[in-house]
Amino acid sequence: MRPKAALRSLCNQVLTMNILNELRTRFQAALAGFCDDPASFAWMVKPAQDTRFGDYQANCAMSLARQKGVKPPELAKQIVDRLEVSDLCEAPTIAGPGFINLRLRNDWLRGQMQQLIGDERLGVLPAAQPRRIVVDYSSPNVAKPMHVGHLRSSVIGDAVCRILRFAGHAVTSDNHIGDWGTQFGMLIYGYKHFLDREAYDRGAVGELARLYRLVNQLSDYHDSIKRLPELHDALAAARTTHDETATLPAVSDKALDETRKKSLRKLAVRVAEFEQLVAAADQTIAAVESDETLRSLAGAHRQIAVASREETAKLHAGDAANLALWQQFMPACLAAMQTIYDRLNIKFDLVLGESFYQPFLAEVVANLEQQQIATTSNGAVCVFIPGFEAPFIVKKTDGAYTYATTDLATIRYRVETLSADTMLYVVDARQGDHFKLLFETARKWGYDGVDFRHISFGTVLGDDNRPFKTRSGDTVGLESLLDESIVRARAIVDANDDRKAGGAELDAGERAKIAETVGIGAIKYADLCQNRESDYVFSWDKMLAKTGDTATYMQYAFARVCGIFRKGGIDRAALRQARGEIELATPSERALALQLARFSEVVDQAAAECRPNVLTHYLFETANSFSTFFEHCPVLKAETDASRTSRLLLADLTARVVKQGLELLGIRTIEQM
RNA sequence: GCACCCGUAGCUCAAUUGGAUAGAGCAACGGACUUCGAAUCCGUAGGUUGCAGGUUCGACUCCUGCCGGGUGCGCCA
């Protein structure tokens with residue numbers, strides 16, 4: 001019943017232009033005499049769930065009545081008696097067990113529309129108390145090809161940044177890249193032993209990618225050879241246990257029988273898992289041995305894994321040659337990464353990776369030990385957090401630091417150098433425990449005034465509903481996904497333009513631009529429209545869809561409005577200047593107006609909860625309201641000039657809201673498609 | 001073994017954080033282009049919200065127990 005503090009903290013506190021907030025303020029005043037914390041009951045004002053009941057509804061009477069031991073409808077009546085909303089609502093009605101239903105007055109709604117017409121921010125007011133927020137997202141390991149698994153964090157994180165920034169906060173987007181890890185040892189080893197100099201000179205990125213894959217493949221090969229016998233043993237053992245259980249004599253005890261069946265199923269799953277591991281190892285081995293070149297390379301580099309780790313260790317120890325190579329590789333790696341971000345239209349204010357924090361790690365650990373936050377256990381320096389069995393290891397037995405250490409150094413930098421008061425981590429839900437430990441440790445360390453939040457999102461699953469794993473053979477590269485989506489979009493663009501009544505309107509360049517916008521938008525929208533907490537089943541069809549609840553639908557609505565203005569030869573700026581009136585003559589006009597008036601409320605909610613899907617849902621409804629309106633109400637051919645002007649204004653507002661909303665999601669619009 | 005998450009229409013997902021008759025999109029079926037853009041619109045069909053209890057005016061939502069699936073759990077990030 002109490003509104004979540006966290007939920008409210010990022011909300012705009014200013015109340016005008018946000019209808020929901022305005023109504024809550026009115027209720028808060030009316031409720032003051034009935035309870036001690038009117039704010040939490042005023043929070044129970046919501047948009048109506050069913051439009052037949054009105055536009056908004058207050059559910060506070062029921063729960064407050066229970067608390068006071070009175071009848072809800074009677075209390076509702078008393079609340080309504082004290083409620084002052086006559087300037088914006090029709091007389092409130094009480095229904096059912098005590099719902100207070102509210103319907104906005106048409107003249108008030110028309111006034112809201114007039115305000116929106118003149119407001120560049122479409123009613124969204126900047127936060128009264130802006131925060132300094134660092135958003136940590138995307139964070140790929142450089143030098144490894146990006147795949148679809150990287151998409152979710154990148155796309156959601158970017159949208160969250162845009163939304164919070166628009167809501168008036170000081171946002172710094174930070175790509176905390178993995179640029180100091182073991183992949184560089186592999187690259188260095190590959191460079192020293194397998195380099196194709198000509199290929200490298202032609203394009204460093206491609207050659208580095210090849211070297212990475214090659215070293216990876218050879219180490220996997222030796223690892224598989226080494227592990228195969230134990231895998232076979234484990235498989236045999238699992239089979240034996242399974243078969244023994246299966247052949248146990250039948251029992252009459254039903255409960256026991258059930259337990260046995262259950263464990264049998266689990267054993268079968270284990271057998272299948274080991275079979276899969278063996279098969280994968282066999283495949284890895286076969287891939288190398290069937291290739292003459294690979295086989296001889298494998299033979300000549302038996303210690304490749306160890307040697308690569310040693311190269312990493314040397315790099316970390318400051319070895320001049322390896323450091324020089326690292327510095328040589330980095331620009332190419334970053335450039336490769338950047339081409340993908342450019343295509344996705346994702347920008348970072350900062351790209352501070354692991355290497356940046358590396359010089360501070362020793363000091364961080366020393367500091368933690370000094371303050372007795374960290375202690376040595378089994379040779380490792382650990383922080384123990386109550387409620388967690390596993391320690392938070394900041395220094396390993398071998399003296400190396402972990403990503404926990406880096407994350408702590410990062411927090412210190414963000415607070416002390418960037419003056420951040422809020423930190424958001426847009427990261428896979430599986431790292432939940434890590435962040436709980438990290439945040440607790442940071443608070444103990446003195447950063448207890450910072451609002452840390454793990455903006456977690458569900459795991460990306462494959463077609464088989466199992467976590468999407470990057471099996472070396474068939475990773476879905478990000479580039480090819482983008483390419484495919486654009487190709488499909490292009491086919492639709494061509495087909496549609498070719499069959500336009502008045503003949504094709506677009507040249508090849510325009511078509512390409514549209515296909516790019518639609519193709520990329522579709523992929524982003526597929527990720528954004530889902531509640532970020534739930535797991536995500538990766539599907540080509542979903543990613544590439546261009547009909548129904550997709551970005552394309554909104555882009556199309558936008559283009560249709562632009563089409564009206566183009567066809568009518570109407571200057572949109574002049575239209576707004578002319579101060580025409582908005583009429584709400586028909587239900588579909590009123591529904592569209594109400595929808596447009598709610599933009600600020602939705603942006604505030606999306607910002608408060610860092611949930612882009614709140615916004616996608618709203619935009620879909622808005623485009624839908626527009627389509628219905630467009631179907632029922634002639635715009636250019638409206639019966640009267642006043643009606644024509646009113647409808648043009650509604651269309652113009654719709655286009656602005658859709659464009660702005662999509663922009664907050666990082667999705668572009670085009671005027672003609 | 002311990003901990004966390006999930007189970008909603010054939011499929012993919014929502015559900016304003018406890019509200020009224022659980023909603024969309026795909027897919028299926030039936031309609032609407034000589035009429036402002038058919039990438040669209042209108043309609044039909046599809047449900048015991050995994051199961052069983054409990055809490056209360058009211059439960060997809062909270063509690064308990066099952067069933068099924070996933071994830072994490074000391075030196076990877």
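Lettering follows sequence order; numbering is per chain, from 1. Values below: every heavy atom of this structure, side chains too, minus hydrogens, waters and symmetry copies.
Taking 4.0 Å as the cut-off between side-chain N and carboxylate O, A/Arg598 and A/Glu601 count as a salt-bridged pair.
If you find the closest nucleotide of RNA chain B to A/Ile100 and to A/Lys500, the one lying nearer the 5' end belongs to A/Ile100. A residue-by-residue look at A/Gly379 and A/Arg532 shows that A/Arg532 has its nearest nucleotide of RNA chain B further toward the 5' end.
Minimum atom distance to the side chain of A/Glu389 is reached by B/rC2, of the listed B/rC2, B/rG37, B/rG74.
The side-chain ring of A/Phe630 is stacked on the base of B/rC36, judged by centre separation under 5.5 angstrom and plane angle under 30 degrees.
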Listed pairs under 3.5 Å, donor-acceptor, residues 558-569 of chain A side chains, sequence neighbours left out:
from	atom 1	to	atom 2	distance (Å)
A/Arg560	NH2	A/Ser627	OG	3.1
A/Arg566	NH1	A/Glu671	O	3.4

Check nucleotides 33-35 of chain B against the protein and report each pair of N or O atoms closer than 3.5 Å, with its distance, or say if there are none.
from	atom 1	to	atom 2	distance (Å)
B/rU35	O2'	A/Lys637	NZ	3.4

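Counting atom types as modelled, A/Arg430 pairs no side-chain N or O with a base atom of B/rG70 as donor and acceptor under 3.5 Å.
Base pairing of B/rG23: its partner is B/rC13, meeting the Watson-Crick or G-U wobble criterion (both donor-acceptor distances under 3.5 Å).
Interface residues of residues 393-400 of chain A facing RNA chain B, ordered by number: A/Ile393, A/Lys396, A/Thr397; criterion, heavy-atom separation under 4.0 Å.
Here A/Asn624 reaches the OP1 or OP2 of B/rC41: one of its side-chain N or O atoms lies under 4.0 Å away.
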Practice task
Assess whether side chain to side chain contact (heavy atoms under 4.5 Å, CB included) is satisfied between A/Phe388 and A/Lys436, documenting all intermediate values.
Solution key: CA-CA 9 Å; A/Phe388 290 87; A/Lys436 279 180 191 152; 3.7 Å; yes
